[in-house]
Chemist: 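The structure under discussion is supplied below as structure tokens; questions concerning it will follow.
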Protein chains: 2
Amino acid sequence: MAEAVQKPKRAARPSADATRTRILEAAEKLFADRGFHGVTVREIAREADVDPALANYHFGSKEQLFSSALLARAEEFMAEREAALTACIADADGTPTLESVIVAYTHPYLEHAQSGDPGWRSWFKLLAKANTSPEWAPEVFRDRFDPFVRKFIEAMKLAAPGAPDERYYWCYHFFSGALVLTFAETGRMDRLSDGKCRSGDLASGYDLLVPFFAEGFESILSGRRPPLGGGA
Amino acid sequence: MAEAVQKPKRAARPSADATRTRILEAAEKLFADRGFHGVTVREIAREADVDPALANYHFGSKEQLFSSALLARAEEFMAEREAALTACIADADGTPTLESVIVAYTHPYLEHAQSGDPGWRSWFKLLAKANTSPEWAPEVFRDRFDPFVRKFIEAMKLAAPGAPDERYYWCYHFFSGALVLTFAETGRMDRLSDGKCRSGDLASGYDLLVPFFAEGFESILSGRRPPLGGGA
DNA sequence: TCTTTTATTCAACGATGAATGAAAAAACGC
DNA sequence: GCGTTTTTTCATTCATCGTTGAATAAAAGA
């Protein structure tokens, strides 16, 4: 268990919390850029301008440091999104539109990306890397992310009931792949479009992403567009 | 430059090519599972059952070995897809449907995943990891993947002309995020659905993915569903 | 103030990383 | 077969990894 928060039975020395924060921020940034194995504890310490031994002192191990970095913003992020989702359902008396559910799920990404705190953009990159390397912090996915995703899928069922169960999961899967990649800002689009399109222009991406996936979800879940049937 | 194929001015010793192949296969598998920095050259050599020095002898460096592993199947894969795309356009006299373009782009994934050669499934995982860590082999993306993606986007313009340029890029971006994640088989869906849905059932995923994205593309590119406009 | 707890520094530990160069072995052209 | 080239082995290069323990400093409790 990552000791992200030391038990404060006695008041912590003022600079200790600051040290932990500095290490976490450095870890977030470097892990986001180069992944778990691409970064050394010493690099993180250098970036945070602290002694290398402090990373282990405060977080126990490199693995726990990674988990702590991923977890740090996950709590806040998931709580916000869950509140948005609950409100979205309540506002619609239990029958929200697909688009409103997608907005509730997605809008916190945009908000934080534009919040002025660059740490959020790093964290989204970290999330993208962890998404294709779940072995780095499986417990964070299991305990923090998965439960919220299940609520999202329940909301999708409220918005578009009656489809076969597997379709909700596959549709979510497509959606999450696109969403996570979009907010990872890999810069690929910039190159492909010769600069006409910028990965960092997340507002434009968001404005297109929401209707794009609302339509995709609806066509599949309503059965308006049937599965191909030729894949077997 | 990765010497994926040694210049055969003299016939190579039979076992030399076999050694290279064994190293490449081991590298493909291990890099796919744990990423570039998560694997050591010694592990690859052990998996391939060869001396560790041979990896450097045949490929020059760990980085070139990674590039070679990513490149190995890329040539064949991209050529097939390009042929499919060209045929799809020609068959429709220059005005293909969105769905047919998506099928041409995507179907080779499914074919190889079901080909019985498990190396392809590893390679798709490798692709997914490289997709969020393009710094591992930037030249492969630039030289092999990007040109084909540009052709795909041109085909989308034939199928649904007249939309603002950026929309094609963003739509492709969403699509590629979902596609790559789907064929990476992370197993996340299995867990989320309590086993009701299997990541490895790529035929089912493909059958839903094609209509899902055909509809998403169409709604955005035709302007039937306008961008949100609230993201700024 | 004195004791206890918490935080930080510093110097190491053993293990392992990628890569290399020289020597040995195997296949080749002739 | 013989000389040449290609491939393989082996020992070793230097650098660095994550982590630890002892010593020191700073804060907090009494």
Side-chain angles (χ1 to χ4, degrees), chain A residues 1-27 30-31 33-70 135-137, chain B residues 1-27 30-31 33-69 133 135-137:
Chain A
M1 169 235 315
E3 313 187 34
V5 174
Q6 202 91 355
K7 54 176 93 79
K9 61 178 174 185
R10 288 171 199 265
R13 187 178 181 179
S15 62
D17 272 5
T19 300
R20 272 215 294 277
T21 303
R22 296 239 301 285
I23 295 173
L24 267 185
E25 284 174 354
L30 292 173
F31 282 141
D33 283 342
R34 306 210 291 271
F36 178 76
H37 292 110
V39 179
T40 69
V41 173
R42 294 170 138 96
E43 279 178 301
I44 294 170
R46 196 182 318 129
E47 172 84 18
D49 199 37
V50 301
D51 189 277
L54 282 176
N56 280 310
Y57 175 76
H58 284 292
F59 296 94
S61 69
K62 186 186 177 187
E63 292 193 2
Q64 287 173 310
L65 174 56
F66 182 89
S67 287
S68 300
L70 187 58
E135 71 276 10
W136 290 342
Chain B
M1 170 234 317
E3 312 189 35
V5 175
Q6 200 91 354
K7 54 176 94 73
K9 64 177 173 186
R10 285 171 201 265
R13 190 179 181 178
S15 62
D17 271 6
T19 300
R20 271 216 296 276
T21 303
R22 295 238 302 284
I23 295 174
L24 266 185
E25 284 174 355
L30 292 174
F31 281 141
D33 284 342
R34 305 210 291 272
F36 178 75
H37 293 109
V39 179
T40 69
V41 174
R42 293 166 137 95
E43 280 178 300
I44 294 170
R46 196 180 320 128
E47 171 86 17
D49 200 38
V50 301
D51 188 276
L54 283 176
N56 280 311
Y57 174 75
H58 283 293
F59 296 95
S61 70
K62 186 186 177 186
E63 292 193 1
Q64 287 173 309
L65 174 55
F66 182 89
S67 287
S68 299
S133 295
E135 72 276 10
W136 290 341

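In what follows, every chain begins at residue 1, and chains take the letters A, B, ... in the order their sequences are listed.
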Chemist: Measure from CD1 on A:Ile44 to P on D:dT19 and round the result to the nearest Å.
Modeler: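 For the pair A:Ile44 CD1 and D:dT19 P, the rounded distance is 11 Å.
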Chemist: Nearest-Å distance, CG (B:Leu54) to C1' (D:dC10)?
Modeler: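 Value for this atom pair: 11 Å.
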Chemist: In chain order, what residues pass the side-chain contact (heavy atoms from CB on, under 4.5 Å) check against B:Thr21, with sequence neighbours excluded?
Modeler: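 With sequence neighbours excluded, B:Thr21 shows a side-chain contact (heavy atoms from CB on, under 4.5 Å) to B:Glu25, given in chain and number order.
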Chemist: Which atom pair, heavy atoms only, marks the closest approach of A:Lys62 to A:His37?
Modeler: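 Nearest pair, atom of A:Lys62 first, then A:His37: NZ-CA, 4.1 Å.
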Chemist: In terms of ring plane angle, is the pair B:Phe36 and B:Trp136 parallel, tilted or perpendicular, where the classes change at 30° and 60°?
Modeler: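 It falls in the tilted class, 30° to 60°.
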Chemist: Rounded to the nearest Å, what distance is computed from the CZ atom of residue A:Phe59 to the C1' atom of nucleotide D:dT19?
Modeler: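 Taking CZ of A:Phe59 and C1' of D:dT19, I get 16 Å after rounding.
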Chemist: Within this structure, what is the CZ-to-P distance between A:Arg34 and D:dC17, rounded to whole angstrom?
Modeler: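 Spelled out: CZ on A:Arg34 to P on D:dC17 is 10 Å.
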Chemist: Rounded to whole angstroms, how far apart are CZ on B:Arg46 and P on D:dC10?
Modeler: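 In whole Å, D:dC10 P and B:Arg46 CZ are 16 Å from each other.
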Chemist: Could you run down the sub-3.5 Å N/O contacts of the protein with nucleotides 18-20 of chain C?
Modeler:
{"from": "C:dA18", "atom 1": "OP1", "to": "B:Val41", "atom 2": "N", "distance (Å)": "3.1"}
{"from": "C:dA18", "atom 1": "OP1", "to": "B:Lys62", "atom 2": "NZ", "distance (Å)": "3.3"}
{"from": "C:dA18", "atom 1": "OP2", "to": "B:Val41", "atom 2": "N", "distance (Å)": "3.1"}
{"from": "C:dA18", "atom 1": "N7", "to": "B:Arg42", "atom 2": "NH1", "distance (Å)": "2.8"}
{"from": "C:dA19", "atom 1": "OP2", "to": "B:Asn56", "atom 2": "OD1", "distance (Å)": "3.2"}
{"from": "C:dA19", "atom 1": "OP2", "to": "B:Lys62", "atom 2": "N", "distance (Å)": "2.9"}

Chemist: May I ask you to evaluate whether A:Thr19 reaches the phosphate of C:dA7, defined as a side-chain N or O under 4.0 Å from OP1 or OP2?
Modeler: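 It does not, given that no N or O in the side chain of A:Thr19 lies less than 4.0 Å from OP1 or OP2 of C:dA7.
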Chemist: Phosphate oxygens OP1/OP2 of D:dC17: is one of them under 4.0 Å from a side-chain N or O of A:His37?
Modeler: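 No, A:His37 has no side-chain N/O under 4.0 Å of OP1/OP2 on D:dC17.
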Chemist: Of all residues at least two apart in sequence or in a different chain, which pass the side-chain contact (heavy atoms from CB on, under 4.5 Å) check with B:Ala48?
Modeler: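 For B:Ala48, the residues satisfying side-chain contact (heavy atoms from CB on, under 4.5 Å) (neighbours in sequence not counted) are B:Arg22, B:Ile23, B:Ala26, B:Val50.
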Chemist: Tell me: CD of A:Gln64 to P of D:dT20, nearest whole Å?
Modeler: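 So the two atoms are 10 Å apart, to the nearest Å.
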Chemist: How many whole angstroms separate atom CD1 of B:Ile23 from atom C1' of D:dT9?
Modeler: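 My rounded result for the distance is 13 Å.
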Chemist: Do A:Leu70 and A:Phe31 have side chains that get closer than 4.5 Å, going by heavy atoms?
Modeler: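 A side-chain contact is absent here, since even the closest heavy-atom pair is not under 4.5 Å.
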Chemist: Do B:Leu65 and B:Leu24 come within less than 4.5 Å of each other through their side chains, counting heavy atoms only?
Modeler: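 Heavy-atom side-chain distance check passes, below 4.5 Å.
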Chemist: A side-chain contact here means heavy atoms from C-beta on lying under 4.5 Å apart; do B:Asp33 and B:Val39 qualify?
Modeler: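 They are not in side-chain contact.
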Chemist: Keeping to residues at least two apart or across chains, list the salt bridge (charged side-chain N to carboxylate O under 4.0 Å, His left out) pairs with something in residues 37-58 of chain A.
Modeler: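 For residues 37-58 of chain A, and leaving out neighbouring residues, the salt bridge (charged side-chain N to carboxylate O under 4.0 Å, His left out) pairs sorted by first residue read A:Lys29-A:Glu47, A:Arg34-A:Glu43.
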Chemist: Axis-to-axis angle across the helix from C:dT1-D:dA30 to C:dC30-D:dG1, five pairs an end, to 10 degrees?
Modeler: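 For the helix from C:dT1-D:dA30 to C:dC30-D:dG1, the axes at opposite ends meet at about 20°.
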Chemist: Say you draw a straight line from OG of A:Ser68 to CZ of A:Arg20; how long is it, rounded to the nearest 0.5 Å?
Modeler: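 CZ of A:Arg20 is found 9.5 Å from OG of A:Ser68.
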